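Input: a single structure, listed below in structure tokens.
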Amino acid sequence: MTTHTPQRIALFGATGSIGTSALDVIARHPERFSVDTLAAGSNVTALLKLCERFKPQVAVIADEKQFASLKQGLQDLGLSTRAEAGDAALRARAAASEVDTVIAAIVGAAGLTSTLAAARAGKRLLLANKESLVLAGELLMQAAQASGATLVPVDSEHNAIFQCMPADGETRTVKRIILTASGGPFRGRTRAALSDITPAQAIAHPNWSMGAKISVDSATLMNKGLEVIEAHHLFAMPASRIAVVVHPQSIVHSMVEYEDGSTLAQLGRPDMRTTLAVGLAWPDRVNSGVEGLDWTQHNKLEFEAPDLETFPALQLAFDAMAAGGTAPAMLNALNEIAVSAFLQAQCSFLGIPALVAAGLDALESGPATSLDALLAADQRARAFGAEYLRKH
Ligand code: NAD
Ligand code: MG
């Protein structure tokens, strides 16, 4: 038997859906994994509960106004966990020498700077925060390559492709990658039938239990659009070698097609603990708490083409990727604004792709040469989105 020095983990987005799944896997293997840092956006109560259970060295709350309450809460619990706050604290923790592995599970562009810090610092980086790749894919991939960071995608499709790719990363014999999409809760409906969709309906995903933002993205198919851009960066694939197929059962998590006609697929239950276990232990395998498939129950696997007319968001993402430069960053920011407005009943469901399309039409995209240029494009798109919502 081999003994391991436990991998010291910083978990950003600890209180979320991915964070919860990650902690479930981590807790199964105390000899392998130890929690160094737990971080959340603004929910101190939820973060304190996790600190009580996992006793991290450091707890970070992104919202600086909550620092005093986090600090007091840790003291009241009699914990020696150090309280920190703000994005700078997240970036510092991502690069800290006490941390081996960073799980990037913050939702949205807010996750970019800490993810980038982990990539630059050469950590093992489990990437759930797909928005950071959409916003700054080139910079992030360059940073990871330059530092020698081990980047393991934990988005289920990309994790599947990661597992099906040649072990040496050589993609010459790969003809194309095929991302599967569940189709979301409104698969099979017409556009007209989507005019009065409520947030509760959009969040009720048929197969996966996830945070609110990604659930809405799955319902509009923008999630698959973001994932196409994510795959383009992760696997250095041009758009012409990335296909999307709707697979309502969410059992085949994605596929890699080779030159010789072989297609390799990764299959499993729709449970993110599998992908997190792959990321945590790779190239080893550990128990994730997820059972294998029951072939008498999972006995029907269907595939169909996506409906781009009802779900224009997927095409918008392909278009933004083709435009290149800062266009994907703007696509992402416009979508974040639209989804947030939809969740607050300030935008209709069909208004989400409408806002994104209007923004991409109106705004000039420029070269994505620096982080500043990308963040400026992100800000311009957010300002456009806010103005659009005022007018509509
Ligand atoms: P969630 O809403 O459940 O959790 C989000 C987490 O981010 C929370 O811990 C929250 O406190 C934290 N957070 C929010 N705003 C923040 C800020 N400004 N600064 C710091 N922290 C902040 O979301 P989720 O479903 O866990 O998704 C997280 C990321 O993983 C997203 O990028 C999503 O696209 C991706 N992802 C999720 C799933 C899934 O099954 N949930 C699958 C694939 C990819
Ligand atoms: Mg996914």
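Since we're looking at a predicted model, the values are computed, not measured. Every number for a ligand or one of its atoms is a count from 1 in the order of the listing.
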Any N or O on [X] sitting closer than 3.5 Å to an N or O of ligand 1?
| X | answer |
| --- | --- |
| Gly211 | yes |
| Ser209 | no |
| Ala212 | no |

Measure the distance from [atom] to every protein heavy atom, then report the residue, atom name and distance (to 0.1 Å) of the closest one.
| atom | answer |
| --- | --- |
| atom 14 (C) of ligand 1 | Val107 CG1, 3.9 Å |
| atom 43 (C) of ligand 1 | Asp155 OD1, 3.0 Å |
| atom 33 (C) of ligand 1 | Ile214 CD1, 3.9 Å |
| atom 34 (O) of ligand 1 | Lys130 CE, 3.2 Å |

Considering only heavy atoms of [X], which atoms of ligand 1 have at least one such atom less than 4.0 Å away?
| X | value |
| --- | --- |
| Ala110 | 17 (C), 18 (N) |
| Glu131 | 31 (C), 32 (O), 34 (O) |
| Ala14 | 9 (O) |
| Asn129 | 32 (O) |
| Ala62 | 19 (N), 20 (C) |
| Gly16 | 1 (P), 3 (O), 4 (O), 8 (C), 9 (O), 26 (O) |
| Ala40 | 11 (O), 21 (N) |

Proximity of [X] to ligand 1 by residue part, where a heavy atom lies under 4.0 Å:
| X | answer |
| --- | --- |
| Met272 | side chain |
| Ser17 | both |
| Lys213 | neither |
| Thr15 | both |

Shortest-distance N/O/S atom, [X] versus the Mg ion (ligand 2):
| X | answer |
| --- | --- |
| Glu227 | OE2 |
| Asp155 | OD1 |
| Glu157 | OE1 |

Within the 3.5 Å criterion, strictly below it, is a donor on [X] or [Y] matched to an acceptor on the partner's side chain?
| X | Y | value |
| --- | --- | --- |
| Gln7 | Thr101 | yes |
| Asp378 | Asn332 | no |
| Ser42 | Asp63 | no |
| Ser156 | Asn159 | no |
| Ser69 | Gln72 | no |
| Arg93 | Thr37 | yes |
| Asp372 | Ser370 | no |
| Thr113 | Asp87 | yes |
| Ser340 | Gln344 | yes |

On a heavy-atom basis, I'd like to know which of [options] is closest to [atom].
| atom | options | result |
| --- | --- | --- |
| atom 27 (O) of ligand 1 | Val154, Ile18, Leu276 | Ile18 |
| atom 30 (O) of ligand 1 | Ala39, Pro270, Ala128 | Ala128 |
| atom 15 (N) of ligand 1 | Asn223, Leu90, Ile106 | Ile106 |
| atom 6 (C) of ligand 1 | Ala105, Gly41, Ser218 | Ala105 |

Review point. More than 12 foreign heavy atoms under 6.0 Å from CD of Glu170: is that the case here?
Key: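 More than 12 within 6.0 Å, yes.
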Exercise for review: Please indicate whether Glu302 has more than 12 foreign heavy atoms, meaning atoms of other residues, nucleotides or ligands, lying under 6.0 Å from its CD.
Suggested key: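 For Glu302, atom CD is crowded (more than 12 foreign heavy atoms under 6.0 Å).
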Review point. Does any N or O in the side chain of His205 come within less than 3.5 Å of the main-chain N or O of Gly184, such that one atom is a donor and the other an acceptor?
Key: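 No, His205 side chain to Gly184 backbone: no donor-acceptor pair under 3.5 Å.
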Review point. Checking Lys224 side chain against Val244 main chain: does a donor-acceptor pair fall under 3.5 Å?
Key: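 Side chain of Lys224 to backbone of Val244, a donor-acceptor pair under 3.5 Å: no, none is there.
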Exercise for review: For this output row, return yes or no: ring centroids of Phe186 and Phe349 closer than 6.0 angstrom.
Suggested key: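 They qualify: ring centres under 6.0 Å apart.
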**Study point:** Reference residue Lys130; test side-chain hydrogen bond (donor to acceptor under 3.5 Å, both in side chains); the match among His233, His158, Glu227, Glu157
**Key:**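 Single pass found, and it is Glu227.
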